[in-house]
Amino acid sequence: MKIICIGRNYAEHAKELNNAIPSEPVFFMKPDTALLRDGEAFYYPDFTKDLHHEIEIVIKINKVGKHIDPQFAHKYYDEIGLGIDFTARDLQSIAKEKGLPWEKAKAFDGSAPLGKFVNKSTLGNLADINFELKINGQSRQVGTTKDILFSFDNIISYVSKFVTLKVGDLIYTGTPSGVGPVNIGDKLQGYINGDLFLEFEVK
Ligand code: ZN
């Protein structure tokens with residue numbers, strides 16, 4: 001399986017990092033070794049001094065597809081969950097300045113914590129999902145899919161023009177504003193529509 005991440009899918013987040021609002025989806029990938037499941041502890045990597053949280057809605061692909069038309073994209077996923085796209089912001093800034101790829105900053109081991117999934121039918125209107133990241137009990141990021149620039153269906157259609165989607169692939173659909181640093185000892189909790197989906201500690 002592979003992990004596809006969408007960048008700059010919430011206008012307020014693009015602005016907070018001084019990025020232009022994209023006219024088409026921006027995507028990058030993480031390897032399967034980035035996954036961190038079942039509340040396993042995350043170990044703060046020694047190559048960064050500015051590790052940022054990005055809370056993101058995650059969709060799980062359930063069918064092989066290429067060149068998927070947006071009107072059929074909803075048939076390619078049943079389950080939705082929540083994850084974090086950990087980013088070594090200091091390394092990413094250097095890579096951006098130099099026009100280099102982001103893998104060192106984004107694709108390292110454990111950089112994709114993932115919580116539970118539920119059937120999308122239980123979440124109501126997918127264009128109106130609320131989600132939140134709390135650190136040590138305090139709210140740090142609050143988002144709603146009302147604000148996404150590219151819908152889940154449009155993301156699936158766009159990515160599948162370039163990359164064949166396979167069963168079990170995960171798409172991290174972008175983060176709302178409020179990204180910021182995490183520290184050793186922090187306890188992270190992620191919620192969708194008020195329900196706990198993700199919980200782990202930084203060690
Ligand atoms: Zn992200």
Side-chain angles (χ1 to χ4, degrees), residues 1-37 42 44-45 48 50-61 77 80-96 100-115 117 129-135 139-152 154-156 158-159 162-163 169-182 186 188-192 197-198 200 202:
M1 57 79 68
K2 54 190 174 289
I3 303 168
I4 294 156
C5 301
I6 306 300
R8 304 172 190 174
N9 201 21
Y10 290 78
E12 288 304 315
H13 168 64
K15 283 188 212 160
E16 75 181 342
L17 295 182
N18 294 315
N19 292 313
I21 292 167
S23 56
E24 50 187 29
V26 172
F27 74 91
F28 56 92
M29 291 200 245
K30 298 186 189 234
D32 58 1
T33 43
L35 271 187
L36 191 76
R37 289 186 212 251
F42 173 83
Y44 198 107
T48 177
D50 194 22
L51 183 75
H52 275 201
H53 55 78
E54 297 189 355
I55 188 84
E56 311 200 358
I57 298 284
V58 180
I59 55 188
K60 192 191 279 180
I61 297 298
Y77 64 105
I80 288 184
L82 195 64
I84 302 233
D85 166 19
F86 269 135
T87 304
R89 196 69 73 198
D90 43 359
L91 300 188
Q92 190 196 27
S93 297
I94 293 167
K96 280 162 82 175
L100 294 172
W102 294 358
E103 271 79 357
K104 277 200 298 190
K106 287 281 201 181
F108 52 87
D109 289 357
S111 62
L114 186 66
F117 280 85
I129 300 174
N130 297 299
F131 58 109
E132 182 176 18
L133 172 67
K134 287 184 183 176
I135 300 183
S139 183
R140 296 284 282 272
Q141 280 187 276
V142 177
T144 162
T145 53
K146 277 181 190 165
D147 293 337
I148 53 176
L149 299 171
F150 303 101
S151 69
F152 301 157
N154 284 330
I155 289 168
I156 285 172
Y158 183 84
V159 171
F162 303 91
V163 181
D169 286 352
L170 300 171
I171 304 181
Y172 283 58
T173 59
T175 198
S177 61
V179 300
V182 297
D186 283 348
L188 280 68
Q189 292 172 306
Y191 297 82
I192 295 181
F197 271 65
L198 172 71
F200 66 96
V202 179

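In each ligand, atom 1 is the first atom listed, and ligand 1 is the first ligand listed. Remember, it's a predicted structure, so these values are computed and weren't measured experimentally.
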Could you tell me if the ring centre of F42 sits under 6.0 Å from that of F86?
yes

Contacts of R140 meeting side chain to side chain donor-acceptor pair (under 3.5 Å) (sequence neighbours excluded), chain-then-number -> none

Within the side chain of Y172, is there an N or O that forms a donor-acceptor pair under 3.5 Å with the backbone of A112?
yes

Using only atom types and a distance under 3.5 Å, with no angle test, would you say the side chain of N130 pairs donor to acceptor with the backbone of T144?
no

2.8 Å shell around the Zn ion (ligand 1), exclusive bound, protein N/O/S atoms:
3

For Y191 and K134, indicate whether the former's side chain and the latter's backbone hold a donor-acceptor pair under 3.5 Å.
no

N9 side chain to F150 backbone, donor-acceptor under 3.5 Å:
yes

